[in-house]
Amino acid sequence: MKINYFTYKEAQQKIGQNIEALNDFPSVPIGSKGKVTKVKSVNDKNWIVQVKWNIPQKSSLVLSQLGDFSFNFIKKSKSITDDFSKSEYYKLVKEN
């Protein structure tokens with residue numbers, strides 16, 4: 001499959017676009033909602049878009065005690081993001 005990329009102008013116009021996954025991705029089930037959040041340069045003329053998925057983040061509470069001191073930490077997992085070329089974008093997601 002030939003990979004087509006966005007121009008800078010096309011990629012910039014996608015920022016803020018709400019999308020939905022048409023296929024399952026690792027960590028992203030079909031039907032998941034997301035938003036185009038930024039663009040990345042592949043080279044001078046080719047650009048890709050980054051999608052941040054609206055999937056609940058896992059968090060964990062870590063409690064530890066050292067003598068009379070206790071430490072509590074809440075760790076959140078990073079947001080799930082995927083990068084798409086133009087050809088991948090139009091094949092794997094739909095705009096809402």
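We count residues from 1, following the sequence as given. These figures come from a predicted structure and were not determined experimentally.
Between the OG atom in Ser32 and the CD1 atom in Ile19 there is a gap of 9.5 Å [rounded to 0.5 Å]. Note: Asp83 CG to Ile48 CD1 = 4.0 Å, rounded to the nearest 0.5 Å. Here the CG atom belonging to Asn46 is positioned 15.5 Å from the NZ atom belonging to Lys40, to the nearest 0.5 angstrom. With rounding to the nearest 0.5 Å, the separation of CD1 in Ile55 from CD1 in Ile80 is 4.0 Å. Taking NZ of Lys45 as the start and OG1 of Thr7 as the end, the distance is 12.0 Å to the nearest 0.5 Å.
With sequence neighbours excluded, no residue forms a side chain to side chain donor-acceptor pair (under 3.5 Å) with Lys35.
Pairing each heavy atom of Leu22 with each of Lys91, the nearest pair is CD1-O, 3.9 Å. Closest non-hydrogen pair, Lys52 versus Thr81, comes out as CA-CG2, 4.0 Å. The nearest pair of heavy atoms linking Asn4 to Ser85 is O-CB, 3.4 Å. Between Ala21 and Val28 the shortest heavy-atom distance is CB-CG1, 4.3 Å.
Under the 4.5 Å side-chain heavy-atom criterion for ILVMFWY residues, a single connected hydrophobic cluster contains both Val51 and Tyr8. Hydrophobic clustering (side-chain heavy atoms under 4.5 Å, transitive across Ile, Leu, Val, Met, Phe, Trp, Tyr) groups Trp47 together with Ile15.
Proximity of Asn96 to Lys33: side-chain heavy atoms (C-beta onward) are separated by under 4.5 Å at one or more points.
Annotation: Lys94, atom NZ; neighbour count of heavy atoms from other residues, nucleotides and ligands within 6.0 Å does not exceed 12. Within 6.0 Å of the CG atom in Asp44, the count of heavy atoms belonging to other residues, nucleotides or ligands does not exceed 12.
The aromatic rings of Trp53 and Phe25 are tilted relative to each other, their planes meeting at an angle between 30° and 60°.
Not a single donor-acceptor pair under 3.5 Å links the side chain of Glu95 to the backbone N or O of Tyr90.
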Item to check | Step-by-step ring-ring contact (aromatic ring centres under 6.0 Å, His included) determination, Phe6 to Tyr89 | outcome: CA-CA 10 Å; Phe6 292 101; Tyr89 183 87; 5.7 Å; yes
Next on the checklist: If you apply the rule side-chain contact (heavy atoms from CB on, under 4.5 Å), what do you find for Val39 with Lys14, and how did you get there?
Outcome noted: CA-CA 9 Å; Val39 300; Lys14 296 292 180 195; over 6 Å; no
